[in-house]
Participant: 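Structure provided below as structure tokens; questions to follow.
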Amino acid sequence: MKEIKGVIAAEVAKVSGLDESVVIGMLEYPPNADMGDLALPCFKLAKSLRKSPAQIAEELAASLAKLNEIEEAAPSGGFLNIRLAKGAFAEHVVTKSINDVHGLFSSERGKGRTAVVDYSAPNIAKPFGVGHLRSTIIGQSIVRMMREDGFHVEGLNHLGDWGTQFGKNIAAYMRWGDEEKVRANPIRELFKLYVRFHEEAEKDPALEDEGRYWFKQLEEGNEEAIRLWKWFIEESLKAFKETYQLLGVEFDHYLGESFYTDKMDAVVNELREKGLLVEDDGAEVVDLSEYGMPPCLILKSDGTSIYPTRDLASAEYRHRVLGADTLVYVVGAEQKLHFQQVFKVLELMGRDYAKNCTHVAFGLMKFNGERLSTRRGHVVYLEDVLTKAIEEAAKIIEDKNPNLANKQEVARSVGVGAVIFNDLKTYRIHEVDFRYEDVLNFDGETGPYVQYTHARACSVLRKAETRETAWPAGYVPNEIEWGLIVQLSQADETLERAVDEYDPSVMARFILQVCHAFNRFYHNNPILQSDEPTRSARLALTDATRKVLAKALYLIGLDAPEEM
RNA sequence: GCGUCCGUAGCUUAGUGGAUAGAGCGCUGGCCUCCGGAGCCAGAGGUCGGGGGUUCGAAUCCCUCCGGACGCGCCA
């Protein structure tokens, strides 16, 4: 669609004297399909051209009508409504979908650039709850979409593997821990010990000192402390990786907070040399009052570092070692101020990549309207949620398609897809209230629905018994076929907007639009029983839809089973 | 107190300067001798939180009030 908009805009630019890119931005889709395929509101042009909008629309209509790509251009109350030449456009879109679906989506805008995307970031020895789901799948989708757009992307998992909590973990394990239990169920067992530590510490405050003592031991290299800490990480990571595998999520780097312990001095020294550090209440901070922000804490009053320091060191590492010119952080909205501060400090340090740092914030996840609180032990394990969804999918498969070959694998794809899609279909800033009744409902605008649509297209093509499909030259689509083609043609604009806004929900909504259009087409137009050339055209359109859906589903992290 | 974000149908939401505010769930009623009914079609359901303003045009931009969430140094 970008291409055809360019052609139209060039012509409008020539006649009106406006900038071509401005005209492209003004082109919109009419609210009603019978008005046309594209529309240009001419009201804004009235002032500069000193003519009435209606007159401008009329004049533009006359010159646009001459273009081969346009069937009709009609002025209507200050709007210019444009109908595309359907046959040629359809052939172009369908052919591209079938033979070069990557090209349909992408013009590789990110070519030559490198981005590091930070997502998921669970805490070692803590539950991986539904709350972590958002960062994980939004991040994974952003990684895939940016790669599609031509970026070189390094996906990074910034594990919470350092801090005073590990002193508590060690202390708790030494008092009450059982190696076998931890091995069998590392996260749940370690978390149980952690919760117990807090409970007992209420009665016996001396425990807190014990926790602090063990963290100090850890920092000073006590062998036993380090051995346990490494073991907790190893066991936790094993468990996390199982979940990632279930979700189909991957990382290029696992770099925890501890990785930066020896890389922070350089940052602190540079800040000091540049005169950015000031003493405040015993701590050292960067004053940001000039920019309307509270100071950014760099060293605590006891001289130790804190998370902004770590984030500065890690940004440097991502830029220098990993070669990133673009840094993306998929982290909850509650940390917005923190990232604004860190990015501002990077700017004050003279880092030019500071302007390419983005905090991709998302809203809190609630469970049945309640806030989840790890400390209070109010967690919902993602593992349990996924298991439930997979069981539900298996039940429905048993009911609707009992002869399916690889039921287990498909149930996994569908169950996990339901959970992922339920989350990604909503604008990421909104809070999400996680409810089983919604997640386990497979009707309507859901993961199973879009996967089903893809499987259905595959089924038609299987029955057609043709390997190659192609749009018959000169075939002009009917209204319903056209509706689907117009949807497919918007793949390029969709990817660009989704990447620019770092928002997978843009892609999810595109998928729903394509699915609605395809199912409408499917119900109203016989494919296999049609005469030529209609049969070929409809098969090609089905093939095009299948290819577009498979790609788009991949971009938001869903599998696209051919049967389900 | 200051700052940021959110408020659209019973519920979940799309639309963020253009034409009659679109969907899904739930509810009511149709559609399988036909390519997969996890589907399709139709219906009921809306003071776009309230009020002011800017504009040819406002759900969208500005101001203000109300409701909710989240931040505002020694956790991350």
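The sequence lines fix the lettering, A, B, ..., with proteins before strands; numbering per chain opens at 1. This one's a predicted model, so the numbers in the text were calculated from it and none came from an experiment.
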Participant: Rounded to whole Å, please give me the gap between CD1 in A/Ile298 and C1' in B/C74.
Facilitator: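 Rounding to the nearest Å, CD1 of A/Ile298 and C1' of B/C74 are 12 Å apart.
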Participant: Identify whether any heavy atom of A/Asp399 sits under 4.0 Å from a base atom; if not, whether one sits that close to sugar-phosphate; answer base, sugar-phosphate or nothing.
Facilitator: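 No contact.
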Participant: Can you tell which of B/G17, B/C5, B/C35 lies closest to the side chain of A/Lys44?
Facilitator: B/G17
Participant: In Watson-Crick or G-U wobble terms, both distances under 3.5 Å, what is the partner of B/U33?
Facilitator: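 Pairing partner, where one exists within any strand: none, as none qualifies.
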Participant: Using heavy atoms and a sub-4.0 Å distance, could you list which residues of residues 536-543 of chain A are near RNA chain B? By number, please.
Facilitator: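 Those residues: none at all.
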Participant: For nucleotides 40-44 of chain B, tabulate all protein N/O to nucleotide N/O atom pairs closer than 3.5 Å, reporting atom names and distance.
Facilitator:
residue: B/C40; atom: OP1; partner: A/Tyr449; partner atom: OH; Å: 3.0
residue: B/C40; atom: O4'; partner: A/His523; partner atom: NE2; Å: 3.3
residue: B/C41; atom: OP1; partner: A/Arg520; partner atom: NE; Å: 3.3

Participant: Could you identify which residues of residues 404-427 of chain A place a heavy atom less than 4.0 Å from some atom of RNA chain B, listed by residue number, or say none?
Facilitator: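 Within this stretch, A/Val414, A/Thr426, A/Tyr427 sit under 4.0 Å of the strand.
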Participant: Just how far, in rounded Å, is P of B/U12 from CZ of A/Arg509?
Facilitator: 17 Å
Participant: What does A/Met564 touch in the nucleic acid at a heavy-atom separation under 4.0 angstrom: a base, only the sugar-phosphate, or nothing?
Facilitator: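 Result for A/Met564 = base.
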Participant: Compare side-chain N and O positions of A/Lys463 against OP1 and OP2 of B/G36 and report whether any pair is under 4.0 Å apart.
Facilitator: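 The answer is yes; a side-chain N or O of A/Lys463 sits under 4.0 Å from OP1 or OP2.
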Participant: Whom does B/U4 pair with, Watson-Crick or G-U wobble, provided both distances fall under 3.5 Å?
Facilitator: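 Answer to the pairing question: B/A69, which forms a Watson-Crick or G-U pair with B/U4.
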Participant: Using Watson-Crick or G-U wobble geometry with both distances below 3.5 Å, tell me the partner of B/A42, or none.
Facilitator: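 Partner of B/A42: B/U28.
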Participant: Counting only Watson-Crick or G-U wobble pairs whose two distances fall under 3.5 Å, which nucleotide matches B/U13?
Facilitator: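 Pairing partner: B/G22.
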Participant: Consider the side chain of A/His430, meaning its heavy atoms from C-beta on, and name the nucleotide among B/A14, B/G37, B/G18 that approaches it most closely.
Facilitator: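 Looking only at side-chain atoms, A/His430 lies closest to B/A14.
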Participant: Using the side-chain heavy atoms of A/Glu445, tell me which of these nucleotides is nearest: B/G24, B/A38, B/C25.
Facilitator: B/G24
Participant: How long is the line joining OH of A/Tyr29 and P of B/A19, in whole Å?
Facilitator: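 It works out to 16 Å between those atoms.
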Participant: What is the ring orientation for A/Tyr194 with A/His198, classed by angle as parallel under 30°, tilted 30 to 60°, or perpendicular over 60°?
Facilitator: perpendicular
Participant: Is any side-chain N or O of A/Arg212 closer than 4.0 Å to OP1 or OP2 of B/C75?
Facilitator: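 No.
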Participant: Find the distance A/Ile429:CD1 to B/G7:P and express it as a whole number of Å.
Facilitator: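 Interatomic distance, CD1 of A/Ile429 to P of B/G7: 11 Å.
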Participant: Which of these nucleotides, B/C72, B/C25, B/G18, is closest to any side-chain atom of A/Leu337?
Facilitator: B/C72
Participant: Using a heavy-atom cut-off of under 4.0 Å over every strand shown, decide if A/Leu528 touches base, sugar-phosphate, or nothing.
Facilitator: base
Participant: When all nucleic acid strands are considered with a 4.0 Å heavy-atom cut-off, which category describes A/Gln529: base, sugar-phosphate, or nothing?
Facilitator: base
Participant: Has the side chain of A/Ser459 got a donor or acceptor that lies under 3.5 Å from a partner of the other kind on the base of B/C35?
Facilitator: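 Check fails, no donor-acceptor contact within cut-off.
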Participant: Describe the nucleic acid contact of A/Val460 in one word from base, sugar-phosphate, nothing, applying a heavy-atom distance below 4.0 Å.
Facilitator: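 It contacts sugar-phosphate atoms only.
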Participant: Would you say A/Lys300 places a side-chain N or O within less than 4.0 Å of OP1 or OP2 belonging to B/C75?
Facilitator: yes
Participant: Please pick, from B/A19, B/C75, B/A38, the nucleotide with the shortest atom-to-atom distance to any side-chain atom of A/Ile306.
Facilitator: B/C75
Participant: For B/C63, does the O4'-C1'-N9-C4 or O4'-C1'-N1-C2 angle fall within 90° of 0, making it syn, or is it anti?
Facilitator: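 It is anti.
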Participant: Between A/Glu431 and A/Ala393, which has a closest nucleotide on RNA chain B that is more 5'?
Facilitator: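 Nearest nucleotide further toward 5': that of A/Ala393.
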Participant: Which residue lies toward the 5' end of RNA chain B, A/Leu40 or A/Gln340, if each is placed at its nearest nucleotide?
Facilitator: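 With A/Leu40 and A/Gln340 compared, the 5'-side residue is A/Gln340.
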Participant: Kindly confirm or rule out a cation-pi arrangement of A/Lys168 over A/Phe197, judged by NZ or CZ under 6.0 Å from the six-membered ring centre and within 45° of its axis?
Facilitator: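 That pair does not qualify as a cation-pi contact.
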Participant: In the strands shown, is B/C48 matched to any nucleotide by a Watson-Crick or G-U wobble pair with both distances under 3.5 Å, and which?
Facilitator: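 Looking at the geometry, B/C48 pairs with no nucleotide.
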Participant: When you compare the ring of A/Phe43 with the six-membered ring of B/G18's base, are the centres less than 5.5 Å apart and the planes under 30° from each other?
Facilitator: yes
Participant: For atom CD of A/Glu479, is the number of surrounding heavy atoms from other residues, nucleotides or ligands below 6.0 Å larger than 12?
Facilitator: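 No, not enclosed.
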Participant: For A/Met365 and B/C5, give me the distance from atom CE to atom P, rounded to whole Å.
Facilitator: 22 Å
